[in-house]
Structure formats: structure tokens, C-alpha cells
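All remarks here apply to the structure that follows.
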Amino acid sequence: MILLSAGLALRLVLIARPIDDLITLTLNDDAFYYFKIAQHILAGHGASFDGVNLTNGFHPLWLLFSVLSFWLFGGQGDFPIHALLALSALADVLTGFVVYKIVSGITGKVAGALLALAIWCLHLRLIFIAINGMETALNALLVALSLLLFFRLERDSPTRARPYLLTGIVWGLTLLARTDNIMLIVILLGGLLLRRHEVRRVAAASVTATALILPWTIWSLLTFGTIAQASGWAGPMVMRAEFVRQHSGNDLLPALIQFMAGALFYGFTRLYLLFPIRAAWADGGWLLTTAAFGIWLWRRYDMRSREMASQPAFLPAVICLTWISVFISAHVLFRWGTRPYYAYSIAPAIYVVTGIVATWLTTRALTRPERAGLYALGGVLFVLGIIANIDFLGRPHNDHQREMLKAAYWLRDNTAPEAVIGSYNAGLLAYRSSRRVVNLDGVINNAAYEAIASETMAEYVARSKIDYIADFVLNGPDDLFGAYYWKAKPDYRVVYDSDMSGYDFRYYQARDYVVVALSRRAQSR
């Protein structure tokens, strides 16, 4: 209870700050997509970011909570956002508790479970990832609940239908929280079938989950002709096209292999979420520590025997490690990378494995040298964790969004109320500028996605009567129109230009944030 209270207090203290401060700390630009869509739904415009173009580029369960929050708390301003952040804080702490219940239930011990709970509640990097205004924390809670119910079905082998129906409900909500959780549900479903659970019980869980997600899938299919979300395909589509353009002929395959190998290495190290530290030596230290432990384990126990497979924790560990591996591999291979708030989906599984391993190590009969080695290993990991928190506090967070906020206020103060803005990273700009902002990267605008796919962005911008385009640039304003899908560059003039030198960028290698005005002549072409 002390750990849970401390974890909740940390999160609530963080989210009590003004929203404009949180924009540079935890709130992600994509979170404002949800907030604007919620406002437009309440205004009768449907599931639209800009009030005109419908979109399926969101995860429906978090949008539902966003709509409820804006409906309950006035539909405008910052209080609905604070309420959603409070919900995220509560969900994140509850996830830690579910992880604790999983580990203690599997192992019958509390030491490893408490270790996993302590890291979850107090690790600042995890807290900052979870309290980002998006579905991240709610999704992690539902993933953890899906794992918990699966492991209980394995342990109890119930003959009644109710536990399977409850599992199906949680599965359905998990899919609505993030549609890429379909990979987890398939793994759990396969686990139940392989463990010879009654087919009709497993079918009941599957049908229940399907019934919950059916309205969303039918709406998306009828509205857009597909159940695939634009948010999942827009970015990778552009990345693949640009990659092919840059690497042609015999260079394409070697470049692709090198890129994928690097992305997989990143996914399985820096996104492991236990001790994400900026310094390269920390990754090396973690890999060496893990390798040393694996060698010791191999030498002490014959992995080809049935000793470990007969342990109660063996199947849960395999399920969790499978989920981690499939998630990272799928995101790298199909989305060409992932981000920490995507990888939070696997965080509960990571900490379940952490708790299981900690319990197993501390309950084995070890020799004195082995105990000394174990304590040394624990000390190294503890020091790495402390360094991770100190390092994380000492660096800027979302610093690039400071200039997005300034640009939003500039547009509010210097453009006509009826002005239309186009932007690739459009969420924060739309919420703070009080202007209609059209998303241009297709993530939250299916019409823009189609324009990118058909390489007709210039025509789309003209049809949308966009007056200004605003976003990050690396080599000057021409970058806004340099992508292959623009084809024709419109006439423009720079009306706002930031100075972003000295900013510490982790995701954007930008020089400036600019706003350009498009000429009416260019729009009429």
C-alpha cells in the first residue's frame, strides 16, 4: 500500500502542473488529436480532427474516455485534460498492482513481486511515458489484466463459463485500447488451446471479445472501406517510399538489412524499459550483465532437462517473453520502428519476468560465491536504475514542443479566425491556436492519407483552402514541400520562424519551426 500510495502521489504531483508546462514535460502532441476529436464529436461533427475530414486514426477506448471527460467538464479548456491525466495516473498505478498480483500468484512469494512493483511505481522514465495524455497507461492496465486472467485460467482450469466470459470482455477492451494488441490476444488464445482448455470455453472468450470490437470494425469498414487505421500506416508508407527513393538498385537490399538490424537492436535494448539511460555505456553494461547471468544459468542448470519446464513460472515467463519479442519484431518489420509510448504495451510483461527471475534467484540454494555474484548483479542493476532516474531528470523533455506552443499562440494572435492551417504534427497546434488545423501526414486524416498514397498533396491542400502550413524544418522551409507526394511546390512566404538552436532533440533533428503563408494563386491551381 505504501508503494502504491507513493506511486500515485508522484503521478498526481506531476499532472497538477499547468498544461502548458506539461506540454514540455509529458504531454505528447498526439494526445491533442484525441482532445480535438472529442470536441468535434460533442459539437456534432463526427470523428474528425479538423471538423471536416472523418478519420479512424485513433484507438476507440481512449477516445471514448476523452469524449466523456470533455462532456463532463465543459468541452473546452484544460480541466478535461487534467481529468484524463488523473485517470492515466490511476490506471498506471493499478497496472503495477496487477503486475504484483501476477508475480506473487505465480511464484507464491512476495519479494520478487514487491521488487517489480517498486520499480514500476518509482521509475521516473516509466511515469513520464505513461502520463502522456494518450491511451498508454490505460492500455498497459488492460494488457496486464489480460495476462493476469490468462495465468489464472491456467492455474485454476475452471469448468464454469464465467471466467472465460470475463477474459473475453477484457480481451475485447484490450483490443479497443490498442488494436495492435491483437498479437497478444492471438498468443494468449493459442496458449489456451495448446494447454487443452475446452474449445467451447475458449470460443466463448473469443466470441465475447469479437462482439465488443465489432461496432468499431463495422463503422470503420463502412466509412473508409477498411478496418486498417490510417495512424498505423501513414508514417510507414512515407518512410518506405523515401527509403526506396534513397537506395536504388543493388544498394537497396543491403541498406534494408542494415536498417532492420539496427532497428531490432534498438528495440531489444533501449526499449527494454528497465533501465533506459542515454549514455551508450549503459546499454553495453546492461547487455553484458544479462549475458553474464545467462552464461551462469546455462552452466549451473541443464537447459535441455525438464527441470525449468516443470516450474509453475515457466509458462508465464514464456508467454511474456513471446509477447515482448513478437511486439518489438512486428513494430520494427511492419512499422519500421517504435517509440517508448508504443513499447509501454510490453512493460507489464517485462516486469512480470523481472519479478519471476528475482524470485527464482533468491529462492534457489546458492553457494557462497554464487550469492556474492547475485548481490553484485543486483547492485549493478540498482546503480544503473538510480543513474537512469538522475539522468532522466537532468535532461529536457519534449523540448521541441515548446516551439510548437509558441507557434500556436502566434497563429492565434496574428491570423484571421477563419484561417485554415495545415500541419504534419498538428495536435497541439490545433488545440492552442483556436484555428481549424488540417492534419497533412495522414495519421489522423484519412483524406490526407489518400493524397499521400496518390501523390496529390498539392491538389489536396488547394482543395482544402489551406492558408498556412506550419511544422519543423531541417534545411529551411522548402522541407515542408520536399516529400515525393507533393510533386509541385506551392508559392509561399515565411511569416514565423523560430530559433531552435541549443534544443536537445531526441526525435526531431530540426533546425527551426516555421509558419509559411501560401499564396492564393498557388491555391487556385
Open item on the list: Which label fits Tyr496 and Tyr513: parallel for a plane angle under 30°, tilted from 30 to 60°, or perpendicular past 60°?
Closed with: perpendicular
Open item on the list: Could you report the tightest heavy-atom contact between Tyr460 and Val438, atom names first, then the distance?
Closed with: OH-CG1, 3.6 Å
Open item on the list: Is the distance from the ring center of Trp62 to that of Phe58 below 6.0 Å?
Closed with: no
- [ ] Please list, chain by chain and in numerical order, all residues satisfying side chain to side chain donor-acceptor pair (under 3.5 Å) with Arg436, sequence neighbours excluded.
- [x] none
Task: Test side chain to side chain donor-acceptor pair (under 3.5 Å) applied to Ser423 and Asn425, step by step - done: CA-CA 6 Å; Ser423 181; Asn425 301 280; 5.8 Å; no
Open item on the list: Aromatic contact between Phe472 and His400, with the criterion being ring centroids under 6.0 Å apart: yes or no?
Closed with: yes
TODO: Could you give me the CA-CA distance, side-chain angles and deciding distance for Ile421 and Ile469, then say whether side-chain contact (heavy atoms from CB on, under 4.5 Å) is met?
DONE: CA-CA 6 Å; Ile421 320 298; Ile469 294 183; over 6 Å; no
- [ ] Search all heavy atoms of Val352 against all heavy atoms of Cys320 and return the closest pair with its distance.
- [x] CG1-SG, 3.8 Å
Open item on the list: Could you check whether any side-chain heavy atom of Thr179 comes within less than 4.5 Å of a side-chain heavy atom of His59, counting everything from C-beta outward?
Closed with: yes
Task: Contact list for residues 74-89, test salt bridge (Lys or Arg N to Asp or Glu O under 4.0 Å), sequence neighbours left out - done: Asp78-Arg432
Task: Asn28 and Asn132 side chains, donor-acceptor separation under 3.5 Å - done: no
Task: Shortest non-hydrogen contact from Gly46 toward Ile41 - done: O-CG1, 3.4 Å
Task: Minimum-distance pair of heavy atoms, taken over all atoms of Leu173 and Leu61 - done: O-CD2, 3.7 Å
Task: Val494 side chain reached by Tyr492 side chain, heavy atoms, under 4.5 Å - done: yes
TODO: Please work out whether the ring planes of Tyr431 and Phe32 are parallel, tilted or perpendicular, with thresholds of 30° and 60°.
DONE: tilted
Open item on the list: For a 4.5 angstrom cut-off between non-hydrogen side-chain atoms, does Phe128 reach Leu14?
Closed with: yes
TODO: Compute the centroid of each ring, for Tyr344 and then for Tyr341, and state whether the two points are separated by less than 6.0 Å.
DONE: no
- [ ] Among Leu25, Ile23, Leu22, find the residue that satisfies the side-chain contact (heavy atoms from CB on, under 4.5 Å) test when tested with Gln401.
- [x] Ile23
Open item on the list: Please report the interatomic distance CG(Asp21) to CD1(Ile15), rounded to the nearest 0.5 Å.
Closed with: 14.0 Å
Task: CZ/Phe334: more than 12 non-hydrogen atoms of other groups inside 6.0 Å - done: no
